[in-house]
Each structure stands twice: as structure tokens, then as C-alpha cells.
Amino acid sequence: MSTSVTTPATSGIFAPIVIVGPTASGKSQTAMAAAISHGNTHIVACDAMQVYRRMDIGTAKPTIDDQRQVAHHGLDLVNPRERFTVSEYQTYARAAIAQIHASGARALVVAGTGLYLTALIDDLNFPGEWPDVRAELGREPGIDVLYRRLQELDPIAASKIEPSNRRRIERALEVCIGSGRPFSATGPGTGAYPDNGVVQIGILWNRETLATRVEQRVHQMMDDGFLQEVRELRESGSLSHTARQALGYKELIEHLDGEYSLAAAVTAMITHTRQFAVRQERWFRRDPRIRWVHIERDPATEIGPLLAEYLR
RNA sequence: GGUCGGGUAGCUCAGUAGGCAGAGCAUGCGCCUGAAAAGCGCAGGGUCACCGGAUCGACGCCGGUCCCGACCA
């Protein structure tokens, strides 16, 4: 079955169940427990960093043991030196879910990366890439020049992009110039929340507790040999633009480069991870389709019953 | 004990020849279409260490007190 651009491959009776939540909220653990107790369930990771091989500890990737107990998808798709984008994820994950469902099993998506999830379950059509156009735009020093040009070519897109956001201005221009059509004609975008039949369950902790969990997890990662993992990655060659910016990896690479003491790197890592968790919450809470569950102590047991209704 | 620095936002520090107090980071909120663990924006937040004085007016000037640092004895 081909991945139609107008109908997500996920709609209909075989729509997946999705667990969303910020980092360190206990998504993976919850999914594992549910998959084991219900059987015939595959877990599909929706995570921009777990796609990289050899980036295991810092991305909190499900262990080999977990993967032996429950079939996982979306992990270890590319080398950390390779480029990987939302668009590729969209194609990959829709095909994976279609295949899982075709085999008569259930797909349980575990989502931490908001844009990737939108690409997976909603109508997000990526218009294409024009590297030569992009390169040329990158050479223009004046951001105001670029913004004015976008205002001419695509006033609608320009009105939605802040004049200071160079990256988005460049991408919109790249599409306008490359395709000859306005970027804003691409589709409804990320702000549309159509009824797609996908059940999304959100894990919600209070801020302070989540912050504590983040801190504890960072220390746990360090105890588990995170520094050694980063050292090996760093020695095996340079990472792709995306992989290089993964939380924790970035800070530890800077430490190994001598820019940070280890203690400072760990502190920065905790702060940045906490900020990331908040940003994830902000992304997800815009989606009115998500059913949030306030967690007091243990997400696996507190979400279990709700999940059971849909995994039957 | 003496001399010299310094005490300003949660943190690190600017600042004013006296006229309603600033930045970066942190925090809160918002945005997000091929880097998204990325990128961008907005906001809240101060008895300018304390006490007294001169001045129309002090964070700034004068006197004193306390605290921190360096050096000298």
C-alpha cells in the first residue's frame, strides 16, 4: 500500500495508539508494560534521536533486552554521521505501521518528538528540497532582505514567520523559489488537528516532579557510562548536524573538547533537558485530541487501565 | 589590626560627571512543514547591603555599620 499524501496511512480501524509525553516521563516503560500484558503489540518509536545507531544511553533507547521481549521499530535507522529528516521518518513510520497492522498486530507509538508525530498521524506534506537555492539564500547576509523577499513571494507565509527567524524564512523562500509555488500552499500545517481516529494518551507530571526525574535520569545516564559512549562516538568521526545537537551529547562533546568541566557539562545537561521537556509539553498541549493523565507515582500502572481499553 | 577592591534581578555582572534601574543566563508563556533533543518571539522579576547626612532630587556624593575578596602587618 502506497503512502497517500491526502490520507495518512494510519487512519481508519487500524489507527495506532499513541503515548505522548516529555522526556523522562516514563513513556517507554509504560509502553513496555502495556505491550507485554496485551501481547501481539509492536512499539514504534517516534523520536528524532533514537533513530541513530550507537546513541543509546543518552537517548534512553529501549534496551536490547526490551527489544527482545517486544518488537520495536524506529530505532537504529541510520548512522550518526548520516542526515535524517522528518520526511524520511514519515515515510518509514507509516510503512512500518501499515506492515504491523497487515500482520494482524497492534502498533503502539511512543512519541517524544512533536513534529515527527504530526508528520506521522496528520496531513503534513513536505514540498521538496532545493539545496542549490538554499545555499544561495545562505549567502545573503541581510535577514531583512530575505524577509522582504518572502513578503513579496508569499505574504501568508511571511505573516506567520517572525522577521528574526532566519531558518524558517530561508526554508519558506527555498520552497517558493524552488517549486515556483508559495510555501503556504503546502497544506494545513502543524496547527490543524483533524479527527484522524488516532487515540493519543498524554503523560503529565507536575513540573517539580518532572524536573527531579530529569535530574535523576541524567545522573543515572552518567553512571551507566554515557561519557564513554560519547567518547567513542566522537572518536569515530564527526556527527551529522542533527545528531551532534542531541541533548547531553552536545554538552559532553564540549567537555571532551575542553570547553567545560565535567561538572559544568552535567549541570548544563540537566538544565537543557528540563527546558526541552517543557518545550515538548508546550507542543503537545496545543493538540486538543490528546487525553492527558495526571501521574502521581507510576505511569505504567496509572495509565494501564486506559490503555487496556484501546489495546483490546 | 591596616590598605585597596567589591556588595545592583534567582545567578554572573554592566551602569549613571545625581533626574522613573540594564544585559546575558535562569524562570513563565507563545510560535513552529525536509536540522525539531533544532530554531524564533514575548513577559514577569530589584527598598541598587544596612543606618544617618547634605541636596528640589541619591543606586551614585559625605559619615558610619555589617559582609566578601586580595594584599600588608
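We use all heavy atoms of the structure for the numbers below, so side chains are in, but hydrogens, waters and symmetry mates are not. A, B, ... follow the sequence lines: proteins, then strands. Residue 1 opens every chain.
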Item to check | Distance between P atoms of B:rG10 and B:rG28 (Å, rounded) | outcome: 16 Å
Checklist outcome for this item: Taking B:rU33, B:rC32, B:rG34 as options, the one with an atom nearest any side-chain atom of A:E129 is B:rG34
Next on the checklist: Please report the distance separating the C1' of B:rU8 from the corresponding atom of B:rA49, rounded so that it comes out in whole Å.
Outcome noted: 10 Å
Next on the checklist: One thing to verify: whether A:E259 and A:K250 come together as a salt bridge, which I'm taking to mean a side-chain N less than 4.0 angstrom from a carboxylate O.
Outcome noted: no
Checklist outcome for this item: Between CD of A:E174 and C1' of B:rU33 the distance, given in whole Å, is 12 Å
Next on the checklist: Distance check, C1' atoms only: B:rG52 and B:rA70, in whole angstrom units.
Outcome noted: 30 Å
Next on the checklist: If I pick the C1' atom on B:rA14 and the same atom on B:rG22, what distance separates them, to the nearest angstrom?
Outcome noted: 7 Å
Next on the checklist: For A:R181, I'd like to know if atom CZ has over 12 heavy atoms of other residues, nucleotides or ligands within 6.0 Å.
Outcome noted: no
Checklist entry - Less than 3.5 Å between a donor and an acceptor, one on the side chain of A:R279 and one on the base of B:rA37, is that the case here? => result no
Next on the checklist: Whole angstroms only, please: what is the CH2-P distance between A:W283 and B:rG30?
Outcome noted: 14 Å
Item to check | Salt bridge present between A:R289 and A:D122 (N-O < 4.0 angstrom) | outcome: yes
Item to check | Value in whole Å for how far the P atom of B:rC31 lies from CD of A:Q280 | outcome: 16 Å
Checklist outcome for this item: Judged by nearest nucleotide, the residue sitting upstream toward the 5' end of RNA chain B, A:E162 or A:T23, is A:T23
Item to check | Nearest listed nucleotide, side chain of A:Q50, among B:rA37, B:rG39, B:rG34 | outcome: B:rA37
Checklist entry - Contact class for A:T59 vs. all strands (heavy atom < 4.0 Å): base, sugar-phosphate, or nothing? => result base
Checklist outcome for this item: Taken to the nearest whole Å, CG/A:D154 to P/B:rU33 is 12 Å
Checklist entry - For A:G191, which contact category applies under a 4.0 Å heavy-atom criterion: base, sugar-phosphate, or nothing? => result nothing
Item to check | Whether A:Y52 side chain and A:D76 backbone form a donor-acceptor pair below 3.5 Å | outcome: no
Checklist entry - To the nearest angstrom, how far is A:E170 atom CD from B:rG39 atom C1'? => result 11 Å
Next on the checklist: Does A:P131 reach a base, just sugar-phosphate, or nothing at all? Heavy atoms under 4.0 Å.
Outcome noted: nothing
Checklist entry - Does A:E235 pair with A:R231 as a salt bridge, N-O distance under 4.0 Å? => result no
Checklist entry - Within the side chain of A:Q245, is there an N or O that forms a donor-acceptor pair under 3.5 Å with the backbone of A:H241? => result yes
Checklist entry - Which one, B:rG34, B:rG41, B:rA37, comes nearest to the side chain of A:A48? => result B:rA37
Checklist entry - Would you say A:Q69's side chain and A:I36's backbone share a donor-acceptor pair under 3.5 angstrom? => result no
Next on the checklist: Short of 4.0 Å, heavy atom to strand atom, which residues of residues 243-261 of chain A count as contacting RNA chain B?
Outcome noted: A:Q245, A:A246, A:L247, A:K250
Checklist entry - With rounding to whole Å, what would you report as the distance between B:rA58 and B:rG53 at their P atoms? => result 12 Å
Next on the checklist: Taking B:rC32 as the reference, what is the distance to B:rG46 when you measure between their P atoms (whole Å, please)?
Outcome noted: 32 Å
Checklist outcome for this item: Taking for A:E88 and for A:R167 the nucleotide of RNA chain B with the nearest heavy atom, the one nearer the 5' end belongs to A:E88
Checklist entry - For atom CD of A:E309, is the number of surrounding heavy atoms from other residues, nucleotides or ligands below 6.0 Å larger than 12? => result yes
Checklist entry - At under 4.0 Å, does any side-chain N or O of A:R286 touch on OP1 or OP2 of B:rC31? => result yes
I'd like a table of atom pairs between the protein and nucleotides 25-28 of chain B - only N or O on both sides, under 3.5 Å - with the distance next to each one.
from: B:rA26; atom 1: OP1; to: A:Q275; atom 2: NE2; distance (Å): 2.9
from: B:rU27; atom 1: OP1; to: A:R274; atom 2: NH1; distance (Å): 2.9
from: B:rU27; atom 1: OP2; to: A:Q275; atom 2: NE2; distance (Å): 2.5
from: B:rG28; atom 1: OP1; to: A:R207; atom 2: NH1; distance (Å): 3.0

Next on the checklist: It should be established whether A:S164 places a side-chain nitrogen or oxygen under 4.0 Å from OP1 or OP2 of nucleotide B:rG41.
Outcome noted: yes
Next on the checklist: Treating A:E174 as the side-chain partner and A:W130 as the backbone partner, does any N or O pair qualify as donor plus acceptor under 3.5 Å?
Outcome noted: yes
Checklist entry - How many Å lie between CD on A:E82 and P on B:rA35, as a whole number? => result 15 Å
Item to check | Atom-pair distance (CZ on A:F276; P on B:rA38), nearest Å | outcome: 7 Å
Checklist entry - Given atom CD of A:Q90 and atom P of B:rA35, what is their separation to the nearest angstrom? => result 13 Å
Checklist entry - Quantified in whole Å, what is the P atom distance between nucleotide B:rC59 and nucleotide B:rC50? => result 10 Å
Checklist entry - Between A:H73 and A:H42, is the ring centre distance below 6.0 Å? => result yes
Checklist entry - Among side-chain atoms of A:E88 and A:T85, is any donor-acceptor pair under 3.5 angstrom? => result yes
Item to check | SB check A:K61 A:D47 (cutoff 4.0 Å) | outcome: no
Checklist entry - Counting a pair only when it is Watson-Crick or G-U and both distances are under 3.5 Å, which runs of at least 3 such pairs involve RNA chain B? => result B:1-7 with B:66-72, B:10-13 with B:22-25, B:27-31 with B:39-43, B:49-53 with B:61-65
Checklist entry - Is the backbone N or O of A:V145 less than 3.5 Å from a side-chain atom of A:E140, with the two atoms forming a donor-acceptor pair by type? => result no
Item to check | Selection from B:rG34, B:rA38, B:rC32 that lies nearest to any side-chain heavy atom of A:R168 | outcome: B:rC32
Item to check | B:rC31 versus B:rA38 - spacing of their C1' atoms, nearest Å | outcome: 14 Å
Checklist entry - Should A:R171 be listed as having a side-chain N or O under 4.0 Å from OP1 or OP2 of B:rG34? => result yes
Next on the checklist: So does A:E82 get a backbone contact from the side chain of A:N79, meaning a donor-acceptor N/O pair under 3.5 Å?
Outcome noted: no
